[in-house]
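Per chain, numbering begins at 1; letters A, B, ... match sequence-line order. Source: prediction; values computed, not measured.
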Amino acid sequence: MLQSAPFHIQETNQGKSTVKLLPELHANLIETAIQAAQAAGDLPEFEIPEIPIGPTKRDGQGDYACPVAMALSKVAKKKPRDIAEAIVKHLPEAAFVADVEIAGPGFINFTLSQDWLRQQIEQIIADGEGYFSLDLGTGRKAQVEFVSANPSGPITIGRSRGGIIGDTMARLLEAAGFDVQREYYFNNAGMQMVMLGKSLKARYLQALGQDVSLPEGGYQGEYLIDFAKEMAEKEGDKLVDADWKPFKEFAEAKMFEWIRATLAQIGIVHDNFFNEDSLFQDGSIWNVLEELETRGYTYKASEWEGATDEEKAKAANLDPAIWFRTTKFGDEKDRVMVKSDGVPTYTLPDIAYHKNKIERGFDIMVNVLGADHGQQYKVVQMGIEALGMDPSGIHVIINQMVRAVRENPETGELEEIKMSTRRGVYDTLDELVEMTSADAIRYHMLARSPGSHLNFNVEEVVKQSNDNPVYYIQNAHVRCCGIEREAEARGLSDEGADINLLDDEELAFIRKALEMGEVIEASAKLYEPHKIAFYAQELAGTFHPIYDNVRAIGEGIPEDVTRARLRFYHAARIIFKRVLDLMGMSAPERM
RNA sequence: GCCCCCGUAGCUCAGUGGAUAGAGCGCUGGCCUCCGGAGCCAGAAGCACAGGUUCGAGUCCUGUCGGGGGUACCA
């Protein structure tokens, strides 16, 4: 579903069409102009750098600005303004450019053609929601792995951040043209799951009336009591002598359904759940270990080779473990791959998992991790390199921790709500969804760069008033729908509209709308999905004043003007639907 | 101690090395004969600190201070 404008379709020599965005189109003009200026002797010979260009921020500076003349000042041995003049002199004509100006120290400012902008309205309506699709990733497979929480308890607010970032990243990569798979790495192996099984067994015995306590470090959540009751009803006392395994199986299956249901509430649906367990069962972890041994990256010892005296003392009573020589890749210390009891740590299956991903043929693999796992991905990368594979397709988005906060009614200060599995505390995503809405959660989690330490103010998100940007954005869509409803009720339509009757204000919105392609491109290339959230708010901020000033229907408005404006609001509705879709938010028709 | 991340308005946060650092909330003052006011207009208020690189630094480098995370048999 590839679409054309806002980007001109350019025919290449091979006759294949390539979608291009406005910054690149402008940059091409400038590059051509520099070459022509050099050929004409107006500029000296030098290697042409990457042309910087971007949308301008304030009136009077055109729509797109390029500061390349300043950067060239040194190599060209000329004043920036003189360079800019030489470039402008040789600038080729382009349908989308109405005016070019040199301003300030040597900026080249481009103003878009109003006619060209008008045409984009028709293009948007013709292409519908596919209008902002790019072909950046056409023919390429991408995978986004996110959430990947241990199935040992309910999804927490903190976990949902990575989930929303990951799902939005997937949506943006799809918009950029990639064939995207969403994957959940289901950590159903390891000590945590053994503990879960043991905890459930204790709850099961309790359900049968036995006086047993939870194992040390066991899971205390009430959900295990519910699971245990269900098990006791189903199995009776058949399992009193069983070990932890059937309990782990049962808990895991329950958790799997629970996690899926929780995530589905906020619009997150994974295409694939990859079981960590399968890497043990099919032997791939042992193959990886063997390969690392063969390549000389492991050794067996009870302490790592550079251990301090303190570390040696700690290891004194341990049997030997198998170490991965990560110091060969610049790590500060080697890492344990197989513990002294013969059980692998998370490192080994993690490496085997990423090897598996690469072998599945993804061109890019995005991995969304919390900061508490922030170092681990480096070890995985070292593992992939040690196996002689290329880790360059793996990209990690690390999101900093979420602190749930609320205002102290007495002091007015924000204070942290301590995460706890007890009820009554805002800790699980289920509870948060109940109190707010999927849209509000998604927007607030998304509207922060992953690197920022997020203070999640529950009351602020709960507030359903005009101080909430979620509704500000959705309301733009609602208003477009309202106009269309009114038009229909009055028997009016936008068919055959003369878009030349539209004014600068409406076109300013279209200009802003065209930036969506640039935002999608930047998000996809830089792996920064939060950009779309800020863009959406800016877009709504451009829309609402126009809605206030530019009435489509009413006394004294000529019918042809009404028709043209209805056409405009029709396009605006498509645009808001699209941006809300990209964020995984609903686009309501009424509020 | 060492490694990673962060420090921008009263609060929550944006800001590909480019022009006069933006938005929301809160605060102050205006706007309802309206296609839904969950809206519009205006105002006050800020780059932790010190050096350095650059024609140009909130952005890059070094250091200091402050906060979060990690730091060999948890994931």
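Taking the side-chain hydrogen bond (donor to acceptor under 3.5 Å, both in side chains) definition, one finds that A/Gln400 meets it with nothing, sequence neighbours left out. Annotation: ring pair (Phe, Tyr, Trp, His ring centres under 6.0 Å) contacts of A/His395 (sequence neighbours excluded): A/Tyr527. Residues satisfying the side-chain contact (heavy atoms from CB on, under 4.5 Å) criterion with A/Asn475, sequence neighbours excluded, are A/Val478, A/Arg479, A/His544, A/Met591. Shown here are the side-chain hydrogen bond (donor to acceptor under 3.5 Å, both in side chains) partners of A/Glu505, two or more places apart in sequence or in another chain: A/Asn549. When the side-chain hydrogen bond (donor to acceptor under 3.5 Å, both in side chains) test is applied to A/Ser148, the partners found at least two apart in sequence or on another chain are A/Glu145.
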(message) Return a single string for nucleotides 63-69 of chain B, one symbol per nucleotide in 5' to 3' order, where B is base contact, S is sugar-phosphate-only contact and - is none, cutoff 4.0 angstrom on heavy atoms.
(response) ----BBB
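Within the 4.0 angstrom heavy-atom criterion, no nucleotide atom of any strand lies near A/Val194. Looking at heavy-atom distances under 4.0 Å, A/His530 makes contact with sugar-phosphate atoms alone, never a base. When heavy atoms are screened at a 4.0 angstrom cut-off, A/Ala65 is found touching base atoms of the nucleic acid. Residue contacts shown for A/Ala522 are absent, as no nucleic acid heavy atom lies under 4.0 Å away. Nucleic acid contact class of A/Ala71 (heavy atoms, under 4.0 Å, all strands): base. A/Asn399 comes within contact range of no nucleotide atom at all, as no heavy-atom separation falls under 4.0 Å. Within 4.0 Å (heavy atoms only), A/Pro67 reaches at least one base atom of the nucleic acid. Within 4.0 Å (heavy atoms only), A/Leu318 reaches at least one base atom of the nucleic acid. Contacts of A/Gln376 with the nucleic acid, taken as non-hydrogen atoms under 4.0 Å apart, are absent. Within 4.0 Å (heavy atoms only), A/Phe107 reaches at least one base atom of the nucleic acid. Contact annotation for A/Glu538: no contact, since no heavy-atom pair falls under 4.0 Å across all strands. When heavy atoms are screened at a 4.0 angstrom cut-off, A/Ser449 is found touching the sugar-phosphate backbone but no base atom. Using a 4.0 Å heavy-atom cutoff across all strands shown, A/Arg448 reaches sugar-phosphate atoms only and no base atom.
Among the nucleotides B/rA19, B/rA14, B/rC41, the one closest to any side-chain atom of A/Pro545 is B/rC41. When each of B/rC55, B/rC13, B/rC2 is scored by its nearest atom to the side-chain atoms of A/Glu332, the top-ranked nucleotide is B/rC2. If you check B/rC40, B/rA14, B/rG18 against the side chain of A/Tyr472, the one that comes closest is B/rC40. For A/Gln192, taking side-chain heavy atoms from C-beta onward, the closest of the listed nucleotides B/rA19, B/rU12, B/rA75 is B/rA75. Side chain of A/Gln537, nearest nucleotide from B/rA23, B/rU12, B/rG15: B/rA23. Listed nucleotides B/rU20, B/rC35, B/rA75 differ in distance to A/Arg58; the shortest reach to its side chain belongs to B/rU20. Distance from the side chain of A/Pro469 is smallest to B/rG24 among B/rA19, B/rG24, B/rC74. Closest to the side chain of A/Lys378, out of B/rC35, B/rC3, B/rU71, is B/rC3.
Applying a 4.0 Å cut-off to non-hydrogen atoms, the residues of residues 474-483 of chain A that approach RNA chain B are A/Asn475, A/Arg479, A/Gly482, A/Ile483, listed by residue number.
The gap from the P atom of B/rA57 to that of B/rC61 amounts to 15 Å, rounded to the nearest Å. Spacing of P atoms, B/rG7 relative to B/rU12, comes out at 13 Å, to the nearest Å. Taking atom P in both B/rU16 and B/rC35, the straight-line distance is 41 Å, to the nearest Å. With P as the reference atom, B/rG15 and B/rG52 are 28 Å apart, rounded to whole Å. Comparing B/rA44 with B/rC5, their C1' atoms are spaced 34 Å from each other, to the whole Å. Taking atom P on both nucleotides, B/rG69 is separated from B/rG30 by 47 Å, rounded to a whole Å. Taking atom C1' in both B/rG63 and B/rC25, the straight-line distance is 36 Å, to the nearest Å. The gap from the C1' atom of B/rG56 to that of B/rG39 amounts to 41 Å, rounded to the nearest Å.
Following rounding to the nearest Å, A/Lys74 (NZ) and B/rU53 (P) show an atom-to-atom distance of 12 Å. The separation between A/Arg490 atom CZ and B/rC35 atom P is 7 Å, rounded to whole Å. Atoms CD (A/Glu515) and C1' (B/rG15) sit 14 Å apart, rounded to a whole Å. Rounded to whole angstrom, the span from the CG atom of A/Asp59 across to the P atom of B/rU20 amounts to 16 Å. In this structure, the CZ atom of A/Arg335 is 7 Å from the C1' atom of B/rU71, given to the nearest Å.
Residue pairs meeting the salt bridge (Lys or Arg N to Asp or Glu O under 4.0 Å) criterion with at least one member in residues 321-335 of chain A, sequence neighbours excluded, are A/Glu305-A/Arg325, A/Glu311-A/Lys333, A/Asp331-A/Arg335. Applying the salt bridge (Lys or Arg N to Asp or Glu O under 4.0 Å) test to every pair with at least one member in residues 437-451 of chain A, sequence neighbours left out, gives these pairs: A/Asp167-A/Arg442. The stretch residues 520-531 of chain A participates, sequence neighbours left out, in these salt bridge (Lys or Arg N to Asp or Glu O under 4.0 Å) pairs: A/Glu521-A/Lys525, A/Glu528-A/Lys531. Residue pairs that meet the salt bridge (Lys or Arg N to Asp or Glu O under 4.0 Å) test with at least one member in residues 546-558 of chain A, sequence neighbours left out, do not exist here.
Helical stems involving RNA chain B, defined as 3 or more consecutive Watson-Crick or G-U pairs under 3.5 Å, span B:1-7 with B:65-71, B:10-13 with B:22-25, B:27-31 with B:39-43, B:48-52 with B:60-64.
Phosphate contact (OP1/OP2 of B/rG37, side-chain N/O of A/Tyr547, threshold under 4.0 Å): present. Within the 4.0 Å cut-off from OP1 or OP2 of B/rA14, at least one side-chain nitrogen or oxygen of A/Ser452 is found. Dashed line: the shortest gap from a side-chain N or O of A/Asn468 to OP1 or OP2 of B/rA38 is not under 4.0 Å.
In summary, A/Glu310 and A/Lys314 do not engage in a salt bridge, as defined by a charged side-chain N under 4.0 Å from a carboxylate O. A salt bridge links A/Glu486 to A/Arg490: one of the charged nitrogens lies within less than 4.0 Å of a carboxylate oxygen. Salt-bridge formation is detected for the pair A/Lys248/A/Asp277: a Lys NZ or Arg NE/NH1/NH2 atom is positioned less than 4.0 Å from an Asp or Glu carboxylate oxygen.
Separation of atoms CE (A/Met193) and CG (A/Asn150) is listed at 6.5 Å; rounding is to 0.5 Å.
For the residue pair A/Tyr219/A/Gln192, the side-chain donor-acceptor check at 3.5 Å is satisfied.
The base of B/rA38 lies outside donor-acceptor range of the side chain of A/Tyr471, with no N or O pair under 3.5 Å.
The aromatic rings of A/Tyr547 and A/Phe543 sit tilted, their planes meeting at an angle between 30° and 60°.
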